[in-house]
Amino acid sequence: MINLVLIVLGFFSIAISMKRHHKQLFNNRLVQPAESKILKYTGFGLLTVALIGSIKQYGLGNGLVFWTVYLCLAVLGIAMLLSYLNNRR
């Protein structure tokens, strides 16, 4: 379950590193280039840590499958959240 949390945080970090989603969540404040790089590296780092955790927890074959399932669930949840927040304004 911790892997799912890490993946959600990773994808959220990658999403808010993008200009469009950053403006959407932080009241039209543009993301600075340095902030964007830090957020992207943090997001990819969290995804990597989750991959390593899944492999250690479930083994190589099942770990990759569970990690991919968690990726799909996280992307679906974040996409729905960003769509909801966009329609709310």
Side-chain angles (χ1 to χ4, degrees):
M1 194 53 100
I2 189 76
N3 294 328
L4 181 60
V5 172
L6 289 173
I7 290 172
V8 168
L9 291 175
F11 272 129
F12 186 73
S13 189
I14 292 169
I16 62 173
S17 73
M18 299 175 194
K19 291 178 184 177
R20 177 180 178 199
H21 298 307
H22 198 274
K23 280 176 57 175
Q24 182 181 5
L25 293 174
F26 297 108
N27 296 324
N28 295 328
R29 181 179 164 272
L30 290 176
V31 63
Q32 301 300 319
E35 285 178 326
S36 179
K37 279 186 179 182
I38 291 170
L39 288 168
K40 281 181 188 175
Y41 291 145
T42 302
F44 286 118
L46 288 169
L47 293 177
T48 303
V49 169
L51 173 62
I52 293 168
S54 284
I55 290 172
K56 283 189 176 194
Q57 185 174 4
Y58 301 112
L60 181 61
N62 287 337
L64 290 173
V65 171
F66 277 102
W67 184 70
T68 306
V69 169
Y70 292 153
L71 286 176
C72 294
L73 292 173
V75 167
L76 179 64
I78 289 177
M80 290 173 55
L81 175 69
L82 290 174
S83 296
Y84 171 74
L85 290 175
N86 191 32
N87 292 334
R88 191 170 166 222
R89 292 181 185 215

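Computation of the quantities below employed the complete heavy-atom set of this structure, encompassing side-chain atoms and omitting hydrogens, waters and symmetry-equivalent molecules. Here the structure is a predicted model, which means the values were calculated and not measured.
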Pairs touching residues 36-47 that satisfy side chain to side chain donor-acceptor pair (under 3.5 Å), sequence neighbours left out: none
V75-L6 co-clustered via ILVMFWY side chain contacts under 4.5 Å: no
Pairing residues for I55 by the side-chain contact (heavy atoms from CB on, under 4.5 Å) criterion, not counting sequence neighbours: L51, L60, L64
Pair listing, side chain to side chain donor-acceptor pair (under 3.5 Å) test, anchored in residues 72-82, at least two apart: none
Atom pair CG/CZ of L25 and F12 - distance to nearest 0.5 Å: 5.0 Å
Side chain to side chain donor-acceptor pair (under 3.5 Å) partners of residues 44-53, not counting sequence neighbours, each pair once: none
Value rounded to 0.5 Å, distance of CG in L9 from CD1 in I14: 11.0 Å
Interatomic distance, Q24 atom CD to K19 atom NZ [nearest 0.5 angstrom]: 16.0 Å
S13 side chain vs G10 backbone, donor-acceptor pair below 3.5 Å: no
Co-members of L76 in a cluster of I, L, V, M, F, W and Y side chains, linked at under 4.5 Å: M80
Sequence-distant partners of H22, ring-ring contact (aromatic ring centres under 6.0 Å, His included), two or more places apart: F26
Qualifying ring-ring contact (aromatic ring centres under 6.0 Å, His included) pairs with a residue from residues 45-76, counting only residues at least two apart or across chains: Y58-F66
L71 side chain reached by L47 side chain, heavy atoms, under 4.5 Å: yes
